[in-house]
Every structure is written in C-alpha cells, then in structure tokens.
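Read the structure below first, then the notes.
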Amino acid sequence: MKTNKIQYCCDRFSIYHQAHKRTFPNIRIIKYKSKFLINGDNPYRFWITTGYEKFDLDNVMIQIVYCPFCGQDLYKFYKSDEYANEIEGVTFPFVK
C-alpha cells in the first residue's frame, strides 16, 4: 500500500510548520480566498508567527517568501491545500 507523505523543502521548515499553533516560533501556511490578499496565482501566504490560540490577521506575524533555512522560493514549492494550516472562510472568517 502506497502512502502519500507530504514533501517539504527541508527538514527544518517541516519542524516549524508542523509545530502546534501556540508554539513560538512557528511557520504557518495560510490560504486566502479574498482576491486582494492573493499573491499572483498562488493563494497561499507564508508567515512566521509568535503562536496564537485562534488565527486572526492582527496576530503578530512576519511574512516570508523564501525558506529561512534552505532558501527555497515558498511560492514555487508549496501549491497545495495539504500544507495549509488555516484557510480563509473555513478556519477564520473572510477578510472584508
């Protein structure tokens, strides 16, 4: 039986991405559906956060474009909902 294992750009990114949302620091991949929040054709944004109980755009976050560990362009590498920690309209309200 074949299992689909999520592939990451590097092991260290994987550790911070899979960390609990309350852990500091952690990396979150957020999928946006609001047109003004989408970067080109890729609806995902990549954040280093201080940890949070409930996702909110007011949380302390630093947006990243490249992996801080291996330098991979995150917009080119991550293009699937299987990586998303949060999805607009599902885990947090639509942004107005």
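The residues of the chain are indexed from 1 along the displayed sequence.
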Backbone of His17 reached by a side-chain donor or acceptor of Arg28 within 3.5 Å
yes

Ignoring hydrogens and angles, tell me if any N or O in the side chain of Gln72 forms a donor-acceptor pair with the backbone of Cys67 under 3.5 Å.
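No; zero donor-acceptor contacts below 3.5 Å.
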
Do [X] and [Y] come within less than 4.5 Å of each other through their side chains, counting heavy atoms only?
X	Y	value
Tyr75	Val65	yes
Trp47	Asn59	no
Lys21	Phe55	no

Is the centre of the Tyr83 ring less than 6.0 Å from the centre of the Tyr78 ring?
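Yes: the rings meet the under 6.0 Å criterion.
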
What heavy-atom pair brings [X] and [Y] nearest, and what distance separates the two atoms?
X	Y	answer
Phe77	Gln7	CE2-O, 3.6 Å
Phe94	Gly89	CE1-CA, 3.5 Å
Ala84	Lys31	CB-CB, 4.4 Å
Gly71	Tyr66	O-CD2, 3.5 Å

When rounded to the nearest 0.5 angstrom, what distance separates [atom1] in [X] from [atom2] in [Y]?
X	Y	atom1	atom2	value
Ile64	Phe13	CD1	CZ	5.5 Å
Ile29	Asn85	CD1	CG	6.5 Å
Gln63	Ile30	CD	CD1	11.0 Å
Ile48	Phe24	CD1	CZ	9.5 Å

According to the interplanar angle, ranging from 0 to 90°, do the rings of Phe69 and Tyr16 count as parallel (below 30°), tilted (30 to 60°) or perpendicular (above 60°)?
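Geometry flag for Tyr16 against Phe69: parallel rings.
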
If you group Ile, Leu, Val, Met, Phe, Trp and Tyr whenever their side-chain heavy atoms sit less than 4.5 Å apart, what else falls in with Val90?
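Members alongside Val90: Ile87.
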
Under the side-chain hydrogen bond (donor to acceptor under 3.5 Å, both in side chains) test, residues paired with Glu86 that sit two or more places apart:
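Expected list: Tyr52, Thr91.
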
Pair His20-Asn26, side-chain contact (heavy atoms from CB on, under 4.5 Å): steps then yes or no
CA-CA 8 Å; His20 192 277; Asn26 65 58; over 6 Å; no

